2 protein chains.
Amino acid sequence: MSKGLTQRTDNFSAWYNELVKKADLAENSAVRGCMVIKPYGFSIWEKMQKKLDEMFKETGHQNAYFPLFIPKSYLSKEADHVEGFAKECAVVTHYRLKSDEESGGVVVDPEAKLDEELIIRPTSETVIWNTYKNWIQSYRDLPLLVNQWANVVRWEMRTRLFLRTSEFLWQEGHTAHETKNEAEEETLKILDIYTKFLEETMAVPVLRGIKSENEKFAGAVDTYCVEALMQDGKALQAGTSHFLGQNFARAFDVKFATKEGKNEYVWGTSWGVSTRLVGALIMSHSDDKGLVLPPNLAPIQVILIPIFNSDDEYKTTLSNLKKIDKNFRENSIRSEIDSRENHKPGWKFSEYEMKGVPVRIVVGPKDLENRTVEVARRDELKKYVIKESEVVSHIKDLLPEIQNNLFEKGKKYKNENTRIANSYEEFKNIFKKDNGLVYAHWDGSKETEEKIKNETKATIRCIPIEGDKIKGKCIVTGKDSERMVVFGKAY
Amino acid sequence: MSKGLTQRTDNFSAWYNELVKKADLAENSAVRGCMVIKPYGFSIWEKMQKKLDEMFKETGHQNAYFPLFIPKSYLSKEADHVEGFAKECAVVTHYRLKSDEESGGVVVDPEAKLDEELIIRPTSETVIWNTYKNWIQSYRDLPLLVNQWANVVRWEMRTRLFLRTSEFLWQEGHTAHETKNEAEEETLKILDIYTKFLEETMAVPVLRGIKSENEKFAGAVDTYCVEALMQDGKALQAGTSHFLGQNFARAFDVKFATKEGKNEYVWGTSWGVSTRLVGALIMSHSDDKGLVLPPNLAPIQVILIPIFNSDDEYKTTLSNLKKIDKNFRENSIRSEIDSRENHKPGWKFSEYEMKGVPVRIVVGPKDLENRTVEVARRDELKKYVIKESEVVSHIKDLLPEIQNNLFEKGKKYKNENTRIANSYEEFKNIFKKDNGLVYAHWDGSKETEEKIKNETKATIRCIPIEGDKIKGKCIVTGKDSERMVVFGKAY
C-alpha cells in the first residue's frame, strides 16, 4: 500500500478520487468520460445487481434485452424527452472503416453512411415503447413488468468515477398498465424496493420524495426519488421511479382493448438505479483510512491474516486459519486468507482497511498458545481478542451488528445535518457553512427555484413523501406554500 | 396458439424463424440487425450466464467492465485485428444533437464532432490490453484472469435472430500470463469449460479442434473452437478460445519484470461465447411442435395443468396441483401452474410444447378419484399415468433422464452424420445430399481450402484435437497430409 489518502476534511473530492483508485475499484479509461470498473469494484456492483434482481423478480418483474441503438427519429417523438437528452447523445453515423493508404491506418468509409443516424441509448423508453406497441393489444397483455440490465451513454463534459460517467451500467424497468392507479402503485412499489435496498443492503438512509418540475425526468408526469446525504453534506440522487402517465403510449400509439371493449392508451412507469450507487456507498461510509463496506455487500467479509516469525509458525498459524476459513465458508461467511509471505502483516492491515473489508482476524504464535484470535472491526477501527472456539458464532453476530451500526451512524449523520430554514437569510447561511438537507417553504414557482439555485447552488432535492403537510410562506417571496420542501447541493 | 410451424424437412430456416417468434424468444427490432430478446428467451440466456459465470469463477476468473467505445487508432495497432474487424464497425462521430427548426425534429450538431472517431467495441482486446499496460509491471501481477459480460456490435448485412445479429450479448475473457505454456494451458482450460457447458448443461455434443489460418480470430496465434452439428446438417461455431501469443502485448507494449529480472512481453488469451448459443440450443433439440429445452436450462421444468368441467372440479384439481407445485419447489424443481380459465387444456398443451417445457403434468377429475397424475415428456412426446404419491421422486429422476436423453440423441445424430471422404468425388457427393461433418485429408494450403469452399460451400470447421493422427494424401491435390481435418457447411 502506498501512502495514505488525503483527509476528507482537507479535500473531500480528492479523498474520493484517491480512494476509488487505491481501493482498486475503478479508473478512468483512455476514452474520455468512460471508466474501467476493476474486478474488486465490479464485485460490489455484482452483489448489488444480485440483490436488486431478486427483489424485482419477487415482485413479478422479468428481464429482457432491447437494442443499444435508437433511431434518431424515435427520440423526437416525445417532446420533453428529446429536449432532455438531445444535448448528450453519442451518435453513430457510419457502419464501416476502410484502410487509409496515406496514414497506413483506418478511416471512416464515407460510402458507409447510415440513412438515419443511430443514438446510443441514453435511456430506453423510446425503443421499448415502440416495441410494446406490438406486445400490447388487450387488457390480457397487461401489466407488462419488464426490466433490463444494460449500459447507457450520456455524453458528459465533467465526469467523476461512478458518480458521473459518459457510459454507465444500470437497470431500467419499463412497465405498462391498464389504469393510472395501477401505474402509480407500481411507481411507489419500486420506490419502496429502492428504499429497502439502500437502507438494508447498502446501510444508507434515504429521504424519499417527488421531484419538482425543474428536476423531474424528461417525459415523466411525476418523478419519485430516493436521495442520500453524503459525508460532505451534499445530496446524491440514488434512484428514481417515474410515473409516465400516458406520455409514451401517446407518442408511440400504444393502445389496448379494455375489459369493457374500449380502446385506451396504456399507462406507464420507468425506473432505474446505476453504478452511481457504488459512489453513494463509498461516500456514505468510508473514512480517512479508505473504503468501509457494509457486510451485505462486501466481496470479502472477513480477512484472515497469519503472524509468524519462522517457517514453523507460518505453517501452524496458517493451518489454524484454514480451519477457521473452512468453518466460515460452511456458515456462508465470505472469508479469505492472505497467506502471502512477501508482505508484512502491517502492510496487509492497511491494504484491507483501504479495501473496506468489514472484519480482520489475526492469528499469531501467542494466539495459538492461548487458543484465541484477534478480531478487528473496520467500521469502528477497534480490536479485541476472543476465544478461538467462539469465532464462528461471534462473527455471525458481528456482521449484522456492523451492518446495523453503519446504518445507525448514517441516520445520526443525516438527522444532525437536516435543518429547517425559516428565512432566506438562515437558508443562505446554512449553505455557506454546513450544507446538508434543508427544509424550507417554497412558493412552487420555477422562478423562485432558479433564483435560489443561482444564489446558493442549492436545488430542490424533493418534495418529501413522509412527514406532515404544514402550510407556510415561501422564504424568498413570502407567497403561500403548501408544505416545506427539501433543498440540498446535489451531486 | 396460432397454427403450427413449417416442418423442418420442408424448410429448416423458416421453421427456425417461426419457432423463435412463436416460442416468444426474440424478435427483430426496428433497428436493422438488432434483436429484442423477450423475457422467455432472456431467461434461458440468464440460466446460461449463471452456469458459465460459476464455472469461470471456480477456475479463478473475476469479472470487470471495460468501455463500450474504442478509439479508432487503437484498432489499427494490431494489423490482423483491424483487417478482421474494420469492415463491420459502427462508428460514433458526434456527441450531440440539436433542434432543427426546419423539420421540427433533431439533427446531428455539426459543432459536436469528435476529434477522433469512436468504434463501438466489436470485441475488446484493444481497449483491454491498453489497460493491462498499466496493471502489469511484474510477474507478481500475473496471471490476470478477467472476464466481462457485455454487448458488442459487428455490423452485419444479413442477420438472423440469435445466430447473427449486429448487436449481441456475450462474455469475453481476457487473460495475461508469464509464459507461453501457461497461456496455452488457459486456452485449453477454457475450451474444456465450453465443452462441459455445451455437453452437460445444453446437452449439445461438440467437436473440439483448432481453426485453420483462414478461419482463426483476427489477431490470434491459434484459435480453438467447439463446433456443434445442427439438425439440418450444418455446423455451428459455438465458442472460441484464442491463444494470442504476444501479439497484443507487442501492439500495446505490455511488458513485465520476470522472476529473473528480465523485461518480457506478456502472453495472452481471449475467449467468448454469445447469445448465439441460444440459437445452437434451439437448432439442436427442437422439433416440428416447437422448442425442446434441456431441463438444466428450462425456465419452467414442469408445467401443471388442471382439467375440469365445473367450478367445483376447477377448485379441487387446482388445490391438488398447488400441493404438488409446493412440493416441487421445496425440492428445487422449477414448476408452475397454468390455472387460466380462458384457455382450453389442449390450447395450453400446444403452448407449452411450443415453449419447450420438459414435463407436463395434468390432473383431471379421474386422477383425483384414482390418486394419479398424467405425465407427458416433451422430448419423446409420450404420456403415461403415475401414482400421485410418487410424483416428486418420479420427476426428480425424470429431469436428468430427459437431460441425458437429449444429449444421447444429439450424439447419435452427430455420429450418424459424421463421415469420412476418401476422394474429392465422395466429398462433393456428401455435400450435395447430406452435409454433416466430413473428415478428409487436406494439404494444409489456403488455396485448396478456398477451392473446396468455392466448389462445395464447405469450410474447414477445425483440425480436431481428439482422435489419432493418421497421415494420408489431400483429396484435392494428392499432396501429403498430416492428418484428416473436419469440413462442414457453417452457420
Side-chain angles (χ1 to χ4, degrees), chain A residues 27 29-31 34-43 45-46 62-76 82 86-99 104-108 112 117-120 127 130-131 134 140 146 150-151 153 155 166-167 169 342, chain B residues 27 29-31 34-43 45-46 62-76 82 86-99 104-108 112 117-120 127 130-131 134 140 146 150-151 153 155 166-167 169 342:
Chain A
E27 63 186 39
S29 79
V31 180
C34 293
M35 66 179 160
V36 173
I37 307 180
K38 299 182 80 172
Y40 192 63
F42 198 82
S43 67
W45 174 240
E46 278 183 309
Q62 293 181 294
N63 289 329
Y65 189 75
F66 296 86
L68 172 69
F69 298 125
I70 298 178
K72 196 190 67 183
S73 59
Y74 283 30
L75 263 196
S76 316
V82 65
K87 288 189 187 127
E88 48 189 45
C89 283
V91 190
V92 176
T93 54
H94 292 75
Y95 58 84
R96 196 164 62 218
L97 299 172
K98 62 169 195 176
S99 310
V106 282
V107 290
V108 174
E117 297 91 344
L118 296 172
I119 310 304
I120 312 285
V127 71
N130 185 64
T131 309
N134 303 318
R140 289 200 189 87
V146 174
N151 53 343
V153 172
W155 205 265
S166 289
E167 182 192 15
L169 303 182
N342 59 332
Chain B
E27 62 185 40
S29 79
V31 180
C34 293
M35 65 179 159
V36 173
I37 307 180
K38 299 182 80 173
Y40 191 64
F42 198 82
S43 68
W45 174 241
E46 278 183 309
Q62 292 181 295
N63 290 328
Y65 190 76
F66 296 86
L68 173 68
F69 298 125
I70 299 178
K72 195 189 67 183
S73 58
Y74 283 30
L75 263 196
S76 317
V82 65
K87 288 189 187 125
E88 48 188 43
C89 284
V91 190
V92 176
T93 54
H94 292 75
Y95 57 84
R96 194 165 63 218
L97 299 172
K98 62 170 195 174
S99 310
V106 282
V107 291
V108 174
E117 296 92 344
L118 297 172
I119 309 304
I120 312 287
V127 70
N130 185 65
T131 308
N134 303 317
R140 288 198 188 87
V146 174
N151 53 343
V153 172
W155 205 266
S166 289
E167 181 192 15
L169 303 183
N342 59 334

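As the structure is a prediction and not an experimental result, all values here were calculated from the model. To find a chain, count down the sequence lines: A is the first, B the second, and so on, and within it residues start at 1.
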request  = Write down the atom of B:Glu167, the atom of B:Cys34, and the distance for their closest heavy-atom approach.
outcome  = CB-SG, 4.0 Å
query = What part of B:Val82 is in contact with chain A, defined as an atom under 4.5 angstrom from a non-hydrogen atom: side chain, backbone, both or neither?
reply = side chain
task = Can you see which heavy atom on B:Ala112 is nearest to which on B:Arg96, and at what distance?
result = CB-CB, 3.4 Å
key: Engaged part of A:Glu88 at the chain B interface, taking heavy atoms whose separation is under 4.5 Å   = backbone
query = Which distance, rounded to the nearest 0.5 Å, do you find between the CG of A:Leu75 and the CG of B:Leu97?
reply = 6.5 Å
inquiry  = Is any side-chain heavy atom of B:Lys72 closer than 4.5 Å to one of B:Val91?
reply    = no
ask   = Pick from A:Arg140, A:Lys98, A:Glu117, A:Lys38: which one has the most heavy-atom pairs with chain B under 4.5 Å?
value = A:Lys38
message = Looking at chain B, which one of A:Ser76, A:Cys89, A:Gly41 has the largest number of heavy-atom pairs inside 4.5 Å, strictly under?
response = A:Cys89
ask   = Once you round to the nearest 0.5 Å, how far does CG of B:Asn151 lie from CG of A:Asn151?
value = 4.0 Å
Closest heavy-atom pair and its distance - A:Ile37, A:Phe42 = CG2-N, 3.5 Å
key: Pick from B:Ala90, B:Pro39, B:Ser29 with the largest number of heavy-atom pairs that fall under 4.5 Å of chain A   = B:Pro39
query = So which part of B:Val127 gets closer than 4.5 Å to some heavy atom of chain A, the side chain, the backbone, both or neither?
reply = neither
key: Between A:Val153, A:Val106, A:Leu118, the one whose heavy-atom pairs under 4.5 Å with chain B are most numerous   = A:Val106
Which of B:Phe66, B:Tyr40, B:Phe69, B:Trp45 touches chain A most, by non-hydrogen pairs under 4.5 Å = B:Phe69
Structural part of B:Asn63 lying under 4.5 Å from a heavy atom of chain A = both
Proximity breakdown for A:Tyr74 and chain B, heavy-atom pairs closer than 4.5 Å = side chain
inquiry  = If you define the side chain from C-beta out and look only at heavy atoms, does anything of A:Leu68 sit under 4.5 Å from B:Ile120?
reply    = yes
